[in-house]
Amino acid sequence: MCQFNFFDLSSDPAYLEVRNEFYKEAQAMVVMFDITKKATFDALDMWIREAAKHGGENLAIFIVGNKSDRDKDRKVQRAEAEKWVKPRNFAGYFETSPKEGNGYL
């Protein structure tokens, strides 16, 4: 039997202690960024470091670019994201669009 729990973790510093509790027993992590906002891509390293610092050092990490339906507004190219993921040996890179219902993991 497999059990999946998904948590949407706020980046607000006020929730740091709450977030840190979720990393301890996690076996995988899905880190999502908005392809139309470069700052969300630039913050990926912060999330990975935070998870490792608080008990999530051996996680299977999946990186997900969200809002692929807004390609004309794209600020992070797919090739750039794939290039960033590859040397880190993460479990994979995916793009998704909840609006269009595509790109599931």
message: For K75 and D42: C-alpha separation, side-chain torsions, deciding distance, then whether salt bridge (charged side-chain N to carboxylate O under 4.0 Å, His left out) applies.
response: CA-CA 11 Å; K75 300 292 186 264; D42 294 340; over 6 Å; no

* **Derivation of the side-chain contact (heavy atoms from CB on, under 4.5 Å) call for R88 and I63** => CA-CA 11 Å; R88 290 165 173 81; I63 305 297; over 6 Å; no

Trace of the side-chain contact (heavy atoms from CB on, under 4.5 Å) decision for R78 with Y93: CA-CA 9 Å; R78 182 181 193 104; Y93 175 70; 4.0 Å; yes

Chi angles and distances behind the ring-ring contact (aromatic ring centres under 6.0 Å, His included) call for W84, F90 = CA-CA 10 Å; W84 184 87; F90 292 156; 5.8 Å; yes

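Annotation for Y23 and H54: closest pair CB-O, 3.6 Å, computed over non-hydrogen atoms. When all heavy atoms of D69 and S97 are compared, the pair lying nearest together is OD1-OG, 2.7 Å. Of all heavy-atom pairs between V76 and A81, the closest is CG1-CB, 4.4 Å.
No donor-acceptor pair closer than 3.5 Å links the side chain of T96 to the backbone N or O of N66. Judged by distance alone, with hydrogens and angles left aside, the side-chain atoms of T40 form a donor-acceptor pair with the main-chain N or O of D34 at under 3.5 Å.
Counted within 6.0 Å of NZ on K53, heavy atoms from surrounding residues, nucleotides or ligands total 12 or fewer; the atom is thus considered open.
Atoms CD and CE, on E50 and M29 in that order, are 7.5 Å from each other to the nearest 0.5 Å. Interatomic distance, K67 NZ to I35 CD1, rounded to the nearest 0.5 Å: 9.5 Å. Interatomic distance, L59 CG to I48 CD1, rounded to the nearest 0.5 Å: 8.0 Å.
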